[in-house]
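Counting begins at 1 with the first residue of the sequence. Just so you know, these numbers use all the heavy atoms, side chains as well, and skip hydrogens, waters and symmetry mates.
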Amino acid sequence: MIAVIIAGGAGTRLWPLSTPDYPKHLLRVNGNVSLLQSAYHRAKHLSDTIYVVTEVSHAHHVRAQLPDLQDDACIIEPARRNTAACLLAALCHVRKRHDRHEPIAILWADHFIRDIDGFTQSFRIAGEASARSNRVVLVGIEPTYASTGFGYIQKGTLFDDTNLVYEVASFTEKPPFEKARKYVRSGKYLWNGGYLVGTLDAFEEAMKQYCQELWTDYQALGNARTADIYKKTYLALENIALDYRFNEKVKDLLVLPATFDWMDLGSFHDMYEAVDHDEAGNHVQGAVELDSVENSYIYNDTEKPVAVIGLDNVVVVQTPHGLLVARKDLSQAVGTLSKRFKQGN
């Protein structure tokens, strides 16, 4: 199997801890290992061949955090063009170097996963299913609550009763709460974690049959004979997510329910759930003093001290980029709010 780690992101949802110049996959969440380094470590259990797709302004950070990564294994976007373009760049790179029938696992650098054995087993089963069927297989996440922030995959007919691989019946993007609750209660839906597994043949056949625009872009990128032509072609690609350009158009996708724990870390509430806490339920880093504070995430990355008194369920983050004070359960709004700041102000 070939592992491809997509290491992008705008760095807005965990502002000011992450920024456009230093997005969340570069952060060290628990201890001294970043999300990117954790993703690379997981991928090494899955494959001896690992590629990382990253945008040119982040490439130096990626190389610093992954010193063992060879230059040829770092696929650099000339500029950020969203996840559909990342897939095309990865497939073009793999096509020039590997067998067409070897499964390719599309992974993400900013997910928090502890169960490496379960992760490895799920992706190996998905790779075997793709090789047998010549179809792209998603790895879906069993939902633990009625999230309105994730997309959902509806399981259809059972395709492989031994490994519990299903046909994909439908996708729903970020449903309202009542619909999400019905999905979770039904047991027929999975969270869409964005994972794809397929051979090069399977990906190309899916694009040719269902995603003609994507197929045209893929051919143009693959036929670029010089670095300048490649850059010009890449910059002309539509800035659109993989879900919209590929997943929701392909009619014969399969899905495997994952057997590992998973968090997207899309907010400080998620970040709080992923880290260690003291007896009062607080996670504290840096020069911080607390009095009567509970169930809170307090982070200080400056020399200026931070004091918090008499609060519960809050996020306080101070870095050289800014100061955030929020109720932890409302921290999903950070991404929208941070976009109001212009870079450099």
Side-chain angles (χ1 to χ4, degrees), residues 1-8 25-26 28 31-55 58-77 83 86-141 163 165 193-206 218 221-222 242 254 256 258-262:
M1 178 173 284
I2 299 163
V4 175
I5 302 172
I6 308 298
H25 62 269
L26 300 171
R28 290 166 171 80
N32 296 318
V33 179
S34 72
L35 290 172
L36 171 63
Q37 290 168 325
S38 295
Y40 187 75
H41 175 68
R42 286 194 301 275
K44 287 178 73 173
H45 284 258
L46 188 64
S47 174
D48 293 327
T49 305
I50 304 170
Y51 296 102
V52 178
V53 182
T54 190
E55 197 257 337
H58 302 153
H60 63 293
H61 292 307
V62 169
R63 289 191 170 113
Q65 290 199 1
L66 303 177
D68 294 339
L69 192 71
Q70 299 297 314
D71 285 347
D72 186 63
C74 192
I75 305 170
I76 299 177
E77 294 183 273
T83 51
C86 288
L87 175 68
L88 297 187
L91 295 181
C92 286
H93 198 79
V94 168
R95 185 174 69 175
K96 296 176 182 178
R97 293 162 176 81
H98 296 281
D99 185 272
R100 302 182 58 82
H101 307 294
E102 188 172 0
I104 306 162
I106 304 299
L107 312 174
W108 304 92
D110 56 356
H111 293 172
F112 184 79
I113 296 166
R114 290 166 294 193
D115 183 3
I116 295 177
D117 289 341
F119 171 87
T120 303
Q121 180 69 4
S122 291
F123 278 91
R124 284 180 176 163
I125 292 172
E128 292 166 2
S130 176
R132 288 196 309 269
S133 65
N134 197 37
R135 293 161 71 175
V136 175
V137 182
L138 310 182
V139 178
I141 311 300
N163 294 307
V165 179
Y195 296 118
L196 299 171
V197 182
T199 63
L200 192 62
D201 278 343
F203 277 112
E204 290 186 353
E205 184 60 32
Y218 173 66
L221 201 63
L242 183 59
L254 301 174
L256 169 74
T259 59
F260 53 88
D261 65 308
W262 177 86

Check A126 against L256 and note the closest heavy-atom contact, atom names and distance.
N-CD2, 4.0 Å
Under the side-chain contact (heavy atoms from CB on, under 4.5 Å) test against F203, which residue among V94, V136, L88 passes?
V136
Over all heavy atoms of both residues, which pair between L26 and S34 is shortest? Give the atoms and the distance, please.
O-CB, 3.5 Å
Is there a side-chain contact (heavy atoms from CB on, under 4.5 Å) between R100 and T199? Walk through the geometry before answering.
CA-CA 6 Å; R100 302 182 58 82; T199 63; over 6 Å; no
Quick one: closest heavy-atom pair of G127 and P103, and the distance?
O-CG, 3.6 Å
Residues S130 and V137: closest non-hydrogen pair is N-CG2, 3.8 Å
Just how far is it from atom CG of D115 to atom CD of Q121, taken to the nearest 0.5 Å?
10.5 Å
Stepwise, does the side-chain contact (heavy atoms from CB on, under 4.5 Å) test hold for R63 with L69?
CA-CA 7 Å; R63 289 191 170 113; L69 192 71; 5.6 Å; no
Would you please indicate if the ring centroids of Y51 and H93 are separated by under 6.0 Å?
yes
Supply the atom-to-atom distance R97 CZ to E102 CD, rounded to the nearest 0.5 angstrom.
14.0 Å
CG (D72) with more than 12 external heavy atoms under 6.0 Å
yes
T54 side, atom OG1; I76 side, atom CD1 - distance, nearest 0.5 Å:
7.5 Å
CA sep, side-chain torsions, deciding dist, call: R135, E205, side-chain contact (heavy atoms from CB on, under 4.5 Å)
CA-CA 8 Å; R135 293 161 71 175; E205 184 60 32; over 6 Å; no
Could you walk me through whether L242 and C86 pass the side-chain contact (heavy atoms from CB on, under 4.5 Å) test, one step at a time?
CA-CA 9 Å; L242 183 59; C86 288; over 6 Å; no
Do L35 and H111 have side chains that get closer than 4.5 Å, going by heavy atoms?
no
Backbone N or O of T259 within a donor-acceptor pair of the S122 side chain at under 3.5 Å?
yes
State, to 0.1 Å, how close M1 and A105 come at their nearest heavy-atom pair, and which atoms those are.
SD-CB, 3.8 Å
Does any part of the side chain of K44, heavy atoms only, come nearer than 4.5 Å to the side chain of I50, both counted from C-beta?
yes
Examine distances only and state if a side-chain atom of S47 and a backbone atom of A43 form a donor-acceptor pair shorter than 3.5 Å.
no
Residue R114 excluded, over 12 heavy atoms near CZ under 6.0 Å
no
From E204 atom CD to N134 atom CG, the distance as rounded to the nearest 0.5 Å:
10.0 Å
4.5 Å side-chain heavy-atom contact, I5 and W108:
no
Would you call the rings of H41 and H45 parallel, tilted or perpendicular, where under 30° means parallel and over 60° means perpendicular?
perpendicular
For W262 and G193, indicate whether the former's side chain and the latter's backbone hold a donor-acceptor pair under 3.5 Å.
no
Can you check whether H101's main-chain N or O pairs, donor with acceptor, with D99's side chain at less than 3.5 Å?
yes
Looking at every heavy atom in both I104 and V4, which two are closest together, and how far apart are they?
CG2-CG2, 3.9 Å
Are D117 and F260 side-chain neighbours, meaning at least one heavy-atom pair lies under 4.5 Å?
no
Any side-chain to backbone donor/acceptor pair from T49 onto I2? Under 3.5 Å, distance only.
no
Establish, for the pair R42 and F123, whether the NZ or CZ atom is under 6.0 angstrom from the six-membered ring centre and no further than 45 degrees off its axis.
no
With a 4.5 Å heavy-atom cut-off, do L138 and L196 have their side chains touching?
yes
With side chains defined as the heavy atoms from C-beta onward, is the minimum distance between I113 and D261 less than 4.5 Å?
yes
Contact check, side chains of H25 and H61, non-hydrogen atoms, under 4.5 Å:
no
